[in-house]
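Predicted model only: the values in this text are computed from it and were never measured. We name chains A, B, ... by the order of the sequence lines, and we start the count at 1 in each one.
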Protein chains: 2
Amino acid sequence: MRILGIDPGSAVTGYGFVEQQGSALRHIAHGVFRLDRKLPPAARLAELQRLLLDVLQHHEPGAAAVEQSFVRPGNPHSALALAQARGVALATLAGAGLPVGEPTPQQVKRAVTGSGAAKKPQVQQMVKRLLSLDQAPVADASDALAVAICHAHQSQGGLARLPIAPRRRPSSRARAGQRWVVRRAR
Amino acid sequence: MRILGIDPGSAVTGYGFVEQQGSALRHIAHGVFRLDRKLPPAARLAELQRLLLDVLQHHEPGAAAVEQSFVRPGNPHSALALAQARGVALATLAGAGLPVGEPTPQQVKRAVTGSGAAKKPQVQQMVKRLLSLDQAPVADASDALAVAICHAHQSQGGLARLPIAPRRRPSSRARAGQRWVVRRAR
């Protein structure tokens, strides 16, 4: 099962593909769509849709997830621009016939770091580690991969059934059922 | 030149087509897309895109306009849902190769009633009158037709060059250059 994670943005949208093989996760691809800020909003959103359809066609996922967004006090304009991009991503993925998950940012952070309040560098490092990458992807692509990892965990009913560091012997705490051992064990 | 106006919503989206023939506006079609609230958000947005593509194919407009939205204090969740639908409309129209205008609600109201603070029933009545309809369309479709009318006016550089009641002899105030005579003259 190949999963596409999306971290939507009005200017930069991250994407990441992971593949679930039994109880392990394999990295397939990641990247960012950087949209031309000089384009009118409608043309920019159409470009986002075109780019998304391109990677869908190329990597053929079986499921997708798009991170939820919030209105942060103070900048409603950028929140709306983000929501517009998010709407395009949701419509494009569902229109392509994919089931689309919508994890919250907290769920995504918790899925890869064990903490819903983790900072971006921490997410980047954990994505690198969990997917055995040589280097951490840029923040937007790391976030997108984290969204895909989170979705894989949610689909499996939680990490308890999906070891995220299969090459390490679980610690005693992990064997006792504690879920987020990778970070704590090191 | 045929113009599509869109009044986007997360549950109900109004659409309206008008045709600019010289200095007159002709009503072509209008309606609403009512999306199934029981569908997941992504599926609902994909359905909105499908319905939009249907009417685009059927009526073949040469330009489009989508009303801008605002974050109203108190309900950020519904503002985000609306922005997502709006993003889908913008991407679909621009993706179909149409230039897309984005008038504000105030500009739309002013274009049909002369006042940026007009209420919905007033917009409905003016749309009915300006397009010589037998009855006023439901609010969402009236708003969409108003968006199309507004876009026609903006494309023409204002109402001064586009009489909105061509079958009536302009009043003396209109001839003197006053712009919003139809409502005031009756």
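- Contact annotation for B/Glu102: only side-chain heavy atoms (C-beta onward) come within less than 4.5 Å of a heavy atom of chain A.
- Linking Ile, Leu, Val, Met, Phe, Trp and Tyr residues whenever their side-chain heavy atoms come within less than 4.5 Å places B/Leu45 and A/Ile6 in a single cluster.
- Atom CZ of B/Arg34 is surrounded by 12 or fewer heavy atoms from other residues, nucleotides or ligands within 6.0 Å.
- At a 4.5 Å heavy-atom cutoff, the contact between B/Val100 and chain A is made by side-chain atoms alone.
- Linking Ile, Leu, Val, Met, Phe, Trp and Tyr whenever their side-chain heavy atoms come within less than 4.5 Å puts B/Leu98 and B/Ile28 in one cluster.
- Residues B/Ser69 and A/Leu80 have side chains in contact (heavy-atom distance under 4.5 Å, counting atoms from C-beta outward).
- Of the residues considered (B/Gln84, B/Glu47, B/Arg44), B/Gln84 shows the highest number of contacts with chain A, using heavy-atom pairs under 4.5 Å.
- Taking CG from B/Leu90 and CG from A/Leu48, the interatomic distance works out to 12.0 Å, rounded to the nearest 0.5 Å.
- Placement of A/Val12 and A/Val55 in two distinct hydrophobic clusters is found when ILVMFWY residues are connected by side-chain heavy-atom separations under 4.5 Å, directly or transitively.
- B/Val127 and B/Val18 fall within a single hydrophobic cluster, where Ile, Leu, Val, Met, Phe, Trp and Tyr side chains are chained together by heavy-atom contacts under 4.5 Å.
- Under the 4.5 Å side-chain heavy-atom criterion for grouping Ile, Leu, Val, Met, Phe, Trp and Tyr, B/Val138 is not connected to B/Leu35 through any hydrophobic cluster.
- In terms of heavy-atom pairs under 4.5 angstrom with chain B, the leader among A/Ala81, A/Ala64, A/Ala42, A/Pro99 is A/Ala42.
- Scanning all heavy atoms of the two residues, the minimum distance from A/Ala91 to B/Gln49 falls at CB-OE1, 4.2 Å.
- Minimum interatomic distance between A/Ala46 and B/Gly95 (heavy atoms only, all atoms of both residues): CB-N, 3.5 Å.
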